[in-house]
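For reference, the structure is listed below as structure tokens.
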Amino acid sequence: MREHEIYSNLRVPPSSSIVLRLDGRGFHRLTERAGFRRPYDDVFRDLMVSACLDLMNEFSPSFIYTFSDEINVLLDSVPFSGRVEKLDSVFPAFASSSFTVGAIKRGLSLDKPVSFDCRVIPLDRDMVWEYFRSRQDEAWRNCLNSYAYWTLRDEMDRDDAARTLNGMKSDSLHEMLFERGLNISEVPAWQRRGIGVYRAPVKVRGYNPITEREVSAVRLRVKVDMELPLFTYEFFAGLRFKEHMGSESA
């Protein structure tokens, strides 16, 4: 019957960088049922970050970027021999399990299983930063629209809020929020620009028993960055440099 497994050998292009984009399935209803604050909730954020950290520790990707219910995983070294069915199943299943375990540990009551879906996005290396910049732009739009909607919900019902916002441009949303006492540029950076998880150099100190001298070295440690800059080509080039950076002693 193996000849019927027609998609089992579909593989990603071997010369590409790969992004796996995981999206929470039905998370709008999940946040409502679980009682998360909106537009942003620190507990939900921490559950998403915890899932990212578990993915980082399990699969060692180059970079993970998350906002809202979305997780983007950048892979330079692709596991499972690049088999798409494996990538599309193992990564979202792992993230779903991580989120669920984290919720249980925090005493949250989930009335149904949590799930992520996944898509595989092959990219030329020079396109990686453009992809993540486009997702960061989406994070900003999501931030602006979410604050606008939930600010209006303090004044009107769901349908009226949606009608009021329909067709409004970015500058009008800014003005509407500012009139209600909210400067959107001053909300936390992680809400506006998303959160990065990656390895960053950290200087550590130790002792060399042979030379009987104190030494310092640079090691890579996983960092959760809630103060991301606007993404640039240089930012991602720097990440790749750090990936291959050896330790240095002084």
Where is the tightest heavy-atom contact between Leu220 and Pro201, given as atom of each residue plus distance? CD2-N, 3.7 Å

When you compare the side chain of Met176 with that of Leu152, does any pair of heavy atoms fall below 4.5 Å? yes

Any sub-3.5 Å donor-acceptor pair from Ser89's side-chain atoms to Lys86's backbone N or O? yes

Under the 6.0 Å and 45° cation-pi test, does Arg193 pair with Trp140? no

To the nearest 0.5 Å, how far apart are CG in Leu173 and CG in Leu144? 4.5 Å

Could you measure the distance from the CG atom of Asp69 to the CZ atom of Phe99? Nearest 0.5 Å is fine. 9.0 Å

Donor-acceptor pair, side chain of Arg45 and main chain of Tyr40, under 3.5 angstrom: no

Once rounded to the nearest 0.5 Å, what's the spacing between atom CZ of Arg106 and atom CG of Leu47? 4.5 Å

Apply the test salt bridge (charged side-chain N to carboxylate O under 4.0 Å, His left out) to residues Asp159 and Arg163: give CA-CA distance (whole Å), side-chain angles for both, the deciding distance (0.1 Å), then the verdict. CA-CA 6 Å; Asp159 293 338; Arg163 279 193 293 269; 5.1 Å; no

Ile195 side, atom CD1; Met226 side, atom CE - distance, nearest 0.5 Å: 4.5 Å

Tell me the closest heavy-atom pair linking Leu228 and Gln136, and the distance in Å. CB-NE2, 4.3 Å

Would you name the heavy atoms of Ala139 and Gly194 that are closest together and state the gap between them? CB-N, 4.5 Å

Mind checking whether Lys223 and Arg199 have side chains closer than 4.5 Å, heavy atoms only? no

Measuring only between side-chain heavy atoms, which start at C-beta, is Val128 closer than 4.5 Å to Leu74? yes

Go through it in stages, so that I can follow the logic: the residues are Arg38 and Tyr147, the test is side-chain hydrogen bond (donor to acceptor under 3.5 Å, both in side chains), and I'd like the CA-CA distance, side-chain angles, deciding distance and then a yes or no. CA-CA 8 Å; Arg38 288 177 288 188; Tyr147 267 106; over 6 Å; no

Starting from the C-alpha separation in whole Å, work towards a yes-or-no answer on side-chain contact (heavy atoms from CB on, under 4.5 Å) for Tyr233 and Arg133. CA-CA 9 Å; Tyr233 176 86; Arg133 180 59 186 268; over 6 Å; no

For Leu20, run the side-chain contact (heavy atoms from CB on, under 4.5 Å) check against Ile71, Leu55, Val120 and tell me which one passes. Val120

Is the backbone of Cys143 close enough, under 3.5 Å, to the side chain of Ser146 for a donor and an acceptor to pair up by distance? no

According to a hydrophobic-cluster definition based on side-chain heavy atoms being under 4.5 Å apart (Ile, Leu, Val, Met, Phe, Trp, Tyr only), do Val114 and Ile104 belong together? no

Do NZ/NE/NH1/NH2 and the carboxylate oxygens of Arg119 and Asp88 come within less than 4.0 Å? no

When you compare the side chain of Asn183 with that of Leu177, does any pair of heavy atoms fall below 4.5 Å? no

I'd like to know if Arg141 pairs up with Glu138 as an ion pair, taking the criterion as any Lys NZ or Arg NE/NH1/NH2 lying under 4.0 Å from an Asp or Glu carboxylate oxygen. yes

Would you check, one step at a time, whether the test side-chain contact (heavy atoms from CB on, under 4.5 Å) holds for Ser81 with Arg11? CA-CA 8 Å; Ser81 301; Arg11 300 173 190 272; 3.2 Å; yes

Determine, using the 4.5 Å side-chain heavy-atom cutoff (strictly less than), whether Val187 and Phe178 are members of one ILVMFWY cluster. no

List for me each residue that meets ring-ring contact (aromatic ring centres under 6.0 Å, His included) alongside Phe67, sequence neighbours excluded, and say none if there are none. Tyr65

Any donor-acceptor N/O pair, Asn57 side chain to Leu53 backbone, under 3.5 Å: yes

Look at atom CZ of Arg25 and say whether more than 12 heavy atoms of other residues, nucleotides or ligands are closer to it than 6.0 Å. no

Does Val12 reach the side chain of Val84, with side-chain heavy atoms less than 4.5 Å apart? yes

Evaluate the ring-ring contact (aromatic ring centres under 6.0 Å, His included) criterion for residues Phe132 and Phe63: first the C-alpha distance (whole Å), next the side-chain angles of each, then the deciding distance (0.1 Å), finally the verdict. CA-CA 10 Å; Phe132 280 97; Phe63 182 66; 5.3 Å; yes

State the CG-OG distance between Leu239 and Ser62, to the nearest 0.5 angstrom. 7.5 Å

Side-chain touch Phe80/Phe91, heavy atoms, less than 4.5 angstrom: yes

Salt-bridge test for Arg180 and Glu155: reply yes if a basic N is under 4.0 Å from a carboxylate O, no otherwise. yes

To check you understand the geometry: which heavy-atom pair defines the closest contact between Ser115 and Ser96, and what is its length? CA-OG, 3.3 Å

Over all atoms of both residues, closest heavy-atom pair of Leu110 and Ala103: CD1-CB, 3.7 Å

CZ/Arg135 to CG/Asn142 distance, rounded to the nearest 0.5 angstrom? 10.0 Å

Working for side-chain contact (heavy atoms from CB on, under 4.5 Å), residues Leu22 and Asp117: CA-CA 6 Å; Leu22 283 59; Asp117 62 29; 6.0 Å; no

Centres of the Phe94 and Phe116 rings: under 6.0 Å? no

Leu165 vs Tyr149, test: side-chain contact (heavy atoms from CB on, under 4.5 Å). Steps then yes/no. CA-CA 7 Å; Leu165 294 174; Tyr149 175 77; 3.8 Å; yes

Within the structure provided, determine whether Ile64 and Tyr198 are in side-chain contact (heavy-atom separation under 4.5 Å). no

Who are the salt bridge (charged side-chain N to carboxylate O under 4.0 Å, His left out) partners of Asp126, not counting sequence neighbours? none

Between Val43 and Val101, is there a shared hydrophobic cluster once you connect ILVMFWY residues whose side-chain heavy atoms come closer than 4.5 Å? no

Is the shortest side-chain heavy-atom distance between Ser17 and Asp76 below 4.5 Å? yes

Main chain of Asp160, side chain of Asp157: is a donor-acceptor contact present, judged purely on distance under 3.5 Å? yes

